[in-house]
Amino acid sequence: MSTPSLAGGMGGFSGFTRLCKGLVVVLIGGHIVVQLLPVAVTYLALIPARTIPFVWNLVTSGYIEQSIHGVVVSTLGLLFIGKLLEPVWGSREFLKFIFVVNFLTSICIFITAIALYYITRKETYLYMPLSGFHGVLSGFLVGIKQMIPDQELPVIKIKAKWLPSLSLLLSIAISFWTAESATYLPILIFGTYMSWIYLRYWQRKPETKLKGDPSEDFAFSTFFPEFLRPVIDPVASIFHRMLCGRFEASNDSQGYTVGGTTLPGSDPIEASRRRERGARALEERLAAERLGATRGTEELGRDATENV
């Protein structure tokens with residue numbers, strides 16, 4: 001089966017899903033609210049010193065863009081990447097991914113801000129309003145890495161599996177020249193990591209009734225160049241055993257491994273099936289868009305003939 005290009009699947013201003021359009025309305029609406037009522041930032045954005053009792057800002061902060069360029073980037077990213085991921089995951093799983101990644105990212109930022117305050121005693125960490133959808137956008141890149149890792153981007157010829165790493169590297173580089181880095185960099189970093197945790201260990205697979213993606217192609221070390229992996233793997237394995245021991249026990253009992261032997265439906269086989277589903281969904285969407293464009297051209301030609 002021929003694999004459609006990443007550019008083709010994300011290109012074109014059509015085929016956007018209803019769920020993504022609804023979320024865009026939420027993002028634009030949230031931006032308008034904080035522009036018309038600046039005091040709303042206090043209640044909707046994540047301000048660590050006020051998270052208690054305003055606990056709901058752990059949820060709402062992820063959908064509030066305080067700048068116009070933030071709204072534009074988040075809107076475009078949601079529409080174009082969403083129409084690539086949602087058909088493969090399903091609307092329910094897609095929405096669940098967004099909610100979980102946003103919520104866990106906010107919790108990590110809250111804990112980090114409190115820790116930095118106690119270390120430095122700078123109240124800036126407590127009262128800086130943090131918000132934005134870019135944590136989920138970075139998570140979408142992780143989803144692309146999982147689904148179609150070997151697809152190449154047009155022009156620059158870089159494989160899709162490097163998108164999350166390049167995004168973080170570029171953001172860290174830019175942070176040395178901008179004073180606003182403290183408001184977006186933690187969200188990008190935690191958004192990337194939490195989305196990987198979710199896809200690696202928690203996402204349910206209806207076809208196999210198993211959780212996560214245990215394939216080596218999606219290991220944490222694959223976010224780094226190969227020469228760094230011998231250093232990253234031992235560190236990652238420590239956190240893996242600390243945080244995810246129950247996952248291994250659960251999946252071993254359900255069928256990932258028995259006595260160290262991989263069973264059908266897991267590891268490379270499951271990863272291959274996931275890539276095939278992603279490629280098939282892209283192919284179907286491209287075919288539908290081409291068919292719609294062809295019909296539109298034929299109708300225009302017919303109307304012109306009748307007018308003549």
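Computation of the quantities below employed the complete heavy-atom set of this structure, encompassing side-chain atoms and omitting hydrogens, waters and symmetry-equivalent molecules.
- Using a 4.5 Å heavy-atom cutoff, the side chains of L44 and N57 are not in contact.
- Side-chain atoms of T75 never come within 3.5 Å of backbone atoms of V72 as a donor-acceptor pair (strictly under, hydrogens ignored).
- The closest side-chain donor-acceptor pair between S215 and D213 falls under 3.5 angstrom.
- Closest of all the heavy-atom pairs between E86 and S91 is OE2-OG, 2.5 Å.
- The CD atom of Q66 lies 10.0 Å from the OG atom of S61; values are rounded to the nearest 0.5 Å.
- Defined by atom type and a distance below 3.5 Å, a donor-acceptor pair is present between the side-chain atoms of K145 and T222.
- The backbone N or O of S221 lies less than 3.5 Å from a partner atom in the side chain of R229, making a donor-acceptor pair.
- A donor-acceptor contact shorter than 3.5 Å is absent between the side chain of S131 and the backbone of E65.
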Could you please spell out the steps behind the side chain to side chain contact (heavy atoms under 4.5 Å, CB included) verdict for V73 and F133? CA-CA 9 Å; V73 172; F133 196 71; over 6 Å; no
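- Between L188 and L137 the shortest side-chain heavy-atom distance does not fall below 4.5 Å.
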Let me see the working for F54 and W56 under side chain to side chain contact (heavy atoms under 4.5 Å, CB included), right down to the final yes or no. CA-CA 6 Å; F54 301 158; W56 59 81; 3.4 Å; yes
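- Atom CZ of F218 is separated from atom CG of L199 by 4.5 Å, given to the nearest 0.5 angstrom.
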Could you go through Y184 and I174, starting from their C-alpha distance and side-chain angles, then the distance that decides it, and tell me whether this counts as side chain to side chain contact (heavy atoms under 4.5 Å, CB included)? CA-CA 11 Å; Y184 70 83; I174 294 175; 3.7 Å; yes
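- A 4.5 Å side-chain heavy-atom check between L163 and V142 finds every atom pair outside the cut-off.
- The structure places NZ of K96 at 8.5 Å from CD of Q203, a figure rounded to the nearest 0.5 Å.
- Going from atom CE of M194 over to atom OG1 of T105 covers 7.0 Å, rounded to the nearest 0.5 Å.
- D233 places no side-chain N or O within donor-acceptor distance of the main-chain N or O of P230, the cut-off being under 3.5 Å.
- No donor-acceptor contact under 3.5 angstrom links the side chains of S167 and S138, judged on distance only.
- With values rounded to the nearest 0.5 angstrom, F16 atom CZ is found 10.0 Å from L78 atom CG.
- Minimum heavy-atom separation, P129 to V41: CB-CG1, 3.7 Å.
- W162 places no side-chain N or O within donor-acceptor distance of the main-chain N or O of P149, the cut-off being under 3.5 Å.
- Aromatic rings from F140 and F94 are positioned such that their centres are separated by under 6.0 Å.
- Side-chain contact between M147 and L85: present, with at least one pair of heavy atoms (C-beta onward) separated by less than 4.5 Å.
- Ring pair F220/Y193 is perpendicular by interplanar angle, where above 60° counts as perpendicular and below 30° as parallel.
- Residues Y198 and W196 keep their aromatic ring centres 6.0 Å or farther apart.
- Between the S74 side chain and the V71 main chain, no donor and acceptor come within less than 3.5 Å of each other.
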